[in-house]
Amino acid sequence: MGGEMRIQLRKMKPPPASGLLFKLVMVSTVCIFSAICLFYSVIPGSPTHDVERRQINPTRTYSVAIGTQMKVLPSWYIREGDTVKINCFTNHDLGNNRGKMDLQLVWTSLDTKTKKVLMSQRASIGIFYVLGPVTHEHQGLYTCRGDGSLPDVYVLTWHYFIWVAADLSPPASIDVISHNRSQFAQGEEFTIGCQLPNDNNEWKMMRFDSWVGTITECPNQVTSDRRLSCTSRSASPWSDNLYWCENPAGDRTNALNVTPTDMIVVLETPTLPVWEGDNVTLRCLYHNRTTKKFTTKFRTVFYKDDRLKFVTNSASVTLPTVTKADEGLYKCRHPNEGLSPISWIGVKAHPDVDQKSNVLHQTPAPTLGLVH
């Protein structure tokens, strides 16, 4: 992530006993962004990593800091015609400044890179914005930020990417080719691959980092036998990474969401939606930080949509002959080490049942945020 920033906070009162972990950089403290800094909170049920995003500013002195948060329903991955509800609000304000500033919801188009303030509202009220029916023009980066009217207040922005699925099967597909999952323990190496329609070397793999809200090319890309691949190492546990491949003509694969985590329990699920009638196996993995190996020999509880689904003496369970009723958010619990992040399992109808389902044939499942 790189970089160093000095933030001095003066006249700071102790945080209230709210149950949220709240960290502030005090006078003359240096915040190195490879570690946890400023704010960190985990709120069950939020649709992405519930960590206030950092904002890169020059060294200066601030009187207080405010955290923002954004919730997007139903998820980051939607289809044309869907309606999306966006909520932008503050959740840390020790200096009681939310009544003195506005929040802004800003959209940055993926295609044109243009920015537009969709709504501005007093921070004490928050922003409730309905987007829809959505089209591909709505695809892009959505940011919850302050309006800059209080220069002595440090406002941490929150970034969220909304991806609109292709109407037809895209010319190229994307998947995790090194593992059967999209959750990775900190420091774990994984490889993303795009299967290309030809040997055209103009395709590039792109990566969105939700921590800083940037889109960059995945480094050290390799093209071989019509496959473009990029190997990365799970780094910041506070950032979802969205991957896709694109070419100068504007063709894109669908997107794949990868969840890095500093938790030592991860859930293995299909990275792409499955067909109705398939048997789907879930595995709960415990990552031993000493040996760096995963184990699966423990009693496991599996949850679907925050409700207990299975209890098993092994770390795996199979959902037989899945239907749309099996679609949802899954997580698992180790008896001593706690919960995994949550992952979405999508179920699609066969083409002879629903011709539109081929839109999702290579669509990665939304992997949503951390739940403690």
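Since the model is a prediction, treat every value here as computed from it, not as a measurement.
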**Request:** Give the other cluster members for I125, using side-chain heavy-atom distances under 4.5 Å between Ile, Leu, Val, Met, Phe, Trp and Tyr residues; answer none if it is isolated.
**Result:**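 Result for I125 is none, singleton.
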Treating [X] as the side-chain partner and [Y] as the backbone partner, does any N or O pair qualify as donor plus acceptor under 3.5 Å?
| X | Y | answer |
| --- | --- | --- |
| T68 | L156 | yes |
| T253 | S173 | no |
| R122 | S124 | no |
| N288 | K292 | no |
| E246 | W203 | no |
| K85 | Y129 | no |
| N279 | T321 | yes |
| Q195 | R226 | yes |
| D209 | G213 | no |
| T295 | K297 | no |

Given side chains that start at C-beta, do those of [X] and [Y] come closer than 4.5 Å, heavy atoms only?
| X | Y | result |
| --- | --- | --- |
| Q69 | F89 | yes |
| V117 | L105 | no |
| W76 | N257 | yes |
| R145 | V106 | yes |
| R207 | S232 | yes |
| L228 | V222 | no |
| S316 | T312 | no |
| C218 | I192 | no |

If hydrophobic clusters are built by linking Ile, Leu, Val, Met, Phe, Trp and Tyr wherever their side-chain heavy atoms come under 4.5 Å apart, do [X] and [Y] end up in the same one?
| X | Y | result |
| --- | --- | --- |
| L339 | L308 | yes |
| I177 | I174 | no |
| V266 | V301 | no |
| L267 | I264 | no |
| L285 | V280 | no |

Interatomic distance, [X] atom [atom1] to [Y] atom [atom2] [nearest 0.5 angstrom]:
| X | Y | atom1 | atom2 | result |
| --- | --- | --- | --- | --- |
| D305 | R307 | CG | CZ | 8.0 Å |
| I86 | I127 | CD1 | CD1 | 9.5 Å |
| S314 | R283 | OG | CZ | 10.5 Å |
| N254 | L242 | CG | CG | 10.0 Å |
| H136 | S109 | NE2 | OG | 12.5 Å |
| C230 | M205 | SG | CE | 5.5 Å |

**Request:** Would you please test R233 and E188 for side-chain contact (heavy atoms from CB on, under 4.5 Å) and show each step?
**Result:** CA-CA 6 Å; R233 189 174 297 277; E188 193 176 5; over 6 Å; no
**Prompt:** Hey, are D326 and K304 close enough for a salt bridge, meaning a charged N less than 4.0 Å from a carboxylate O?
**Reply:**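 No.
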**Request:** Would you confirm whether the ring centroid of H159 sits within less than 6.0 angstrom of the ring centroid of F208?
**Result:**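 They do not qualify: ring centres at least 6.0 Å apart.
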**Message:** Pair T281, T318 - check side chain to side chain donor-acceptor pair (under 3.5 Å), show working.
**Reply:** CA-CA 4 Å; T281 298; T318 298; 3.1 Å; yes
**Request:** Decide side chain to side chain donor-acceptor pair (under 3.5 Å) for E189 and T231; before the verdict, give the C-alpha distance in whole Å, the side-chain angles of both, and the deciding distance to 0.1 Å.
**Result:** CA-CA 7 Å; E189 192 173 83; T231 299; 5.6 Å; no
**Asked** Should the pair K309 and Y303 be classed as cation-pi, given the thresholds of under 6.0 Å to the six-membered ring centre and 45° from the axis?
**Response**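 Cation-pi check for K309 and Y303: fails.
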Residue pair [X] / [Y]: nearest heavy atoms and the distance that separates them:
| X | Y | answer |
| --- | --- | --- |
| R252 | P171 | O-CD, 4.2 Å |
| T300 | C284 | CG2-CB, 3.6 Å |
| R98 | N91 | NH2-C, 4.5 Å |
| M263 | A185 | O-CB, 4.5 Å |
| V265 | C332 | CG1-SG, 3.9 Å |
| D175 | L256 | C-CD2, 3.8 Å |

**Item:** Parallel, tilted or perpendicular, as decided by the 30° and 60° cut-offs, for the rings of Y243 and F190
**Value:**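 Judged by the thresholds at 30° and 60°, the geometry between F190 and Y243 is perpendicular.
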**Message:** Below 30° counts as parallel, above 60° as perpendicular, anything between as tilted: where do the rings of Y286 and H334 land?
**Reply:**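 The rings of Y286 and H334 sit tilted, inter-plane angle from 30° to 60°.
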**Asked** side-chain contact (heavy atoms from CB on, under 4.5 Å) between Y77 and D82: does it pass, once the steps are laid out?
**Response** CA-CA 10 Å; Y77 180 85; D82 287 349; over 6 Å; no
**Request:** Give every residue pair that meets the salt bridge (charged side-chain N to carboxylate O under 4.0 Å, His left out) criterion with at least one member in residues 126-136, sequence neighbours excluded.
**Result:**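 Passing the test, one end in residues 126-136: no pairs.
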**Message:** As a quick check of understanding, evaluate side chain to side chain donor-acceptor pair (under 3.5 Å) for D147 and S149, giving each step before the final call.
**Reply:** CA-CA 6 Å; D147 64 352; S149 60; 2.7 Å; yes
**Request:** Output, in order, the C-alpha distance, side-chain angles, deciding distance and verdict of side chain to side chain donor-acceptor pair (under 3.5 Å) for T108 and K115.
**Result:** CA-CA 4 Å; T108 305; K115 293 179 182 289; 3.2 Å; yes
**Request:** Scan for ring-ring contact (aromatic ring centres under 6.0 Å, His included) pairs involving residues 244-269, sequence neighbours excluded, and state none if there are none.
**Result:**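 Non-adjacent pairs meeting ring-ring contact (aromatic ring centres under 6.0 Å, His included): F161-W244, W163-W244.
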Counterpart residues, ring pair (Phe, Tyr, Trp, His ring centres under 6.0 Å), relative to [X] (two or more places apart):
| X | result |
| --- | --- |
| F302 | none |
| H287 | F294 |
| Y330 | none |

**Request:** Show your reasoning for whether side-chain contact (heavy atoms from CB on, under 4.5 Å) applies to V322 and E327.
**Result:** CA-CA 8 Å; V322 295; E327 189 172 75; over 6 Å; no
**Item:** More than 12 heavy atoms from other groups under 6.0 Å of CG on N336
**Value:**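 Result for CG/N336: enclosed.
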**Asked** Counting heavy atoms not belonging to K293, are there more than 12 under 6.0 Å from its NZ?
**Response**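 No, NZ of K293 has 12 or fewer neighbouring heavy atoms, counting only those of other groups under 6.0 Å.
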**Worked verdict on S340 versus Q183 for side-chain contact (heavy atoms from CB on, under 4.5 Å)** = CA-CA 9 Å; S340 72; Q183 296 181 8; 4.2 Å; yes
